[in-house]
Amino acid sequence: MACQKAHFKNQILELYNKISNLKSLKPSKNVDTLFQELMSTCLPTETNIDVEKLCPKVQDIRTNLIKLRSEAIGYSEQHFSTVLGSLEDNPLHHLDLYPYYTNYLKLSKVEFDLVMLRTSHVPTKIAFVGSGSLPFTSIILAKFHLPNTTFHNFDIDPQANSLASKLVSRDPDLSSRIIFHTVDILNATEILRDYEVVFLASLVGVDKEAKVKVIKHLGKHMAPGALLMLRSAKGLRAFLYIDVDPCDLRGFEVLETYHPSLSDGFVNSVMVARKLSD
């Protein structure tokens, strides 16, 4: 175990040094290769390494890597959303140009199944917090799983919402059912009571403290009985995304946590929680 732990720490330190010294995190062969190496290093599900017991230096690196990766993903999604939006025909016919589109298809199917297991009826209004330039979850759920549901996407970045809106603008059906709100979710209050399900993107919250602050806000303003779908990470994957513990979800009853296997094709764990009565 000590040997495995030391090897992992050396890998992480080496990758962090390379990534943190990049002049730009915008899409390039070097950037893509380094983050792919990081993902491969953190993908194993069977490990004896307890991430929470790693030394403070490695914990700081973990926090910084999540921030750097979040920034790189933002640039990547912005790039591909711009490319898709510039196509002559419907951009939604070419979503597979994005390298991880298949991953989103699989993740969204799992999330759809989890929602339907925990609701007595098909939800009519769903919110997605932190939808970004490529609102794949809303698009996939609206297009393939929930044809009569309205999706409200919340993002703090007006440019991200502008690019995302352009993707659905030429689709008569989805343009009427996918709505965008440019707002800091911490400033959204009464509107959050309108949704039967709220998705929280994995990259919302630059660190654990910020993530928990958003969860606390949702717990204060969501409707009693509404579902919160929250993406987290388990084990070494917590170097890719912030890991959320059930004790972080005050005001919610955690119903289920789904941890993916390597064969699932996506990285995130999915937590399903129900808002308790006020």
Side-chain angles (χ1 to χ4, degrees), residues 1-83 98-104 107 130 132-134 156-157 159-160 200-214 231-245 248 259-262 264-269:
M1 176 179 173
C3 183
Q4 183 188 39
K5 185 176 177 180
H7 179 64
F8 175 74
K9 285 173 65 177
N10 288 336
Q11 284 182 300
I12 285 294
L13 284 168
E14 183 179 351
L15 281 168
Y16 176 65
N17 287 334
K18 291 179 179 177
I19 291 171
S20 60
N21 284 316
L22 288 168
K23 292 182 178 179
S24 171
L25 292 173
K26 292 183 178 181
S28 70
K29 185 176 181 180
N30 195 26
V31 170
D32 295 346
T33 298
L34 285 173
F35 280 107
Q36 189 59 53
E37 286 181 27
L38 175 64
M39 183 173 289
S40 299
T41 301
C42 299
L43 274 184
T45 53
E46 299 299 325
T47 176
N48 293 318
I49 300 172
D50 187 339
V51 170
E52 297 302 326
K53 292 183 179 179
L54 293 172
C55 68
K57 178 183 178 181
V58 177
Q59 297 292 354
D60 289 341
I61 286 173
R62 172 184 161 196
T63 299
N64 290 333
L65 277 173
I66 292 173
K67 291 178 181 178
L68 290 166
R69 187 167 175 272
S70 175
E71 185 179 348
I73 289 174
Y75 283 131
S76 176
E77 291 187 351
Q78 185 182 81
H79 167 74
F80 280 100
S81 187
T82 302
V83 170
Y98 186 65
Y100 301 108
Y101 176 61
T102 302
N103 303 51
Y104 274 99
L107 173 59
S133 303
L134 287 176
I156 197 171
D157 183 358
Q159 184 183 11
L200 180 60
S202 52
L203 296 178
V204 171
V206 294
D207 53 35
K208 183 66 172 285
E209 184 180 357
K211 174 81 76 175
V212 171
K213 187 175 182 180
V214 172
R231 294 170 183 173
S232 181
K234 180 185 179 184
L236 301 183
R237 299 178 183 204
F239 279 81
L240 303 172
Y241 298 104
I242 296 169
D243 61 323
V244 180
D245 192 87
D248 297 322
H259 296 300
S261 65
L262 286 174
D264 275 320
F266 56 87
V267 175
N268 293 107
S269 298

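Just so you know, residue 1 is the first one in the sequence shown, and it goes up from there. What you see is a predicted model; the values in this text were computed from it and never measured.
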*When the ring planes of Tyr98 and Tyr104 are compared, do they come out parallel, tilted or perpendicular, using 30° and 60° as the limits?*
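Aromatic pair Tyr98/Tyr104 classed tilted.
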Taking C-beta and beyond as the side chain, do [X] and [Y] meet within less than 4.5 Å on heavy atoms?
X      : Y     : result
Arg69  : Ile19 : no
Leu25  : Phe35 : yes
Lys26  : His79 : no
Pro99  : Phe80 : yes
Phe239 : Phe8  : yes
Lys208 : Thr63 : no

Heavy-atom closest pair, residues [X] and [Y]:
X      : Y      : value
Ser269 : His259 : OG-ND1, 2.8 Å
Pro260 : Val267 : CG-O, 3.5 Å
Pro27  : Asp32  : CA-OD1, 4.2 Å
Val204 : Lys211 : O-NZ, 2.9 Å
Ala210 : Gly205 : CB-CA, 3.9 Å

Measuring from [X]:[atom1] to [Y]:[atom2], what's the distance to the nearest 0.5 Å?
X      : Y      : atom1 : atom2 : answer
Leu236 : Met39  : CG    : CE    : 13.5 Å
Leu54  : Lys9   : CG    : NZ    : 7.0 Å
Ile12  : His7   : CD1   : NE2   : 10.5 Å
Cys55  : Lys5   : SG    : NZ    : 7.5 Å
Ile73  : Ser202 : CD1   : OG    : 7.0 Å

If we ignore hydrogens and angles and just use 3.5 Å, is the side chain of [X] paired with the main-chain N or O of [Y] as donor and acceptor?
X      : Y      : value
Asp207 : Glu209 : yes
Asp245 : Asp248 : no
Ser81  : Ser133 : yes
Ser70  : Ile66  : no

_Matching residue for Leu38 among Leu65, Thr33, Leu43, Leu68 - test: side-chain contact (heavy atoms from CB on, under 4.5 Å)_ =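 One option only clears the test, and that one is Leu65.
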*Salt-bridged, Lys18 to Glu14, with N to O below 4.0 Å?*
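Salt bridge between Lys18 and Glu14, a charged N being under 4.0 Å from a carboxylate O: yes.
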*Applying salt bridge (Lys or Arg N to Asp or Glu O under 4.0 Å), name anything that partners Arg62, two or more places apart in sequence or on another chain.*
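Arg62 satisfies salt bridge (Lys or Arg N to Asp or Glu O under 4.0 Å) with Glu52, Asp243 once adjacent residues are dropped.
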*Inspect the surroundings of NZ in Lys213 and state if more than 12 heavy atoms from other residues, nucleotides or ligands are less than 6.0 Å away.*
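No, the 6.0 Å shell around NZ holds no more than 12 heavy atoms from other groups.
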*For Tyr16, all residues meeting ring pair (Phe, Tyr, Trp, His ring centres under 6.0 Å), sequence neighbours excluded*: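 Listed in chain order: nothing, the list is empty.
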*Output all residues satisfying side-chain hydrogen bond (donor to acceptor under 3.5 Å, both in side chains) with Tyr100, sequence neighbours left out; order by chain, then residue number.*
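Here the qualifying residues are Gln36.
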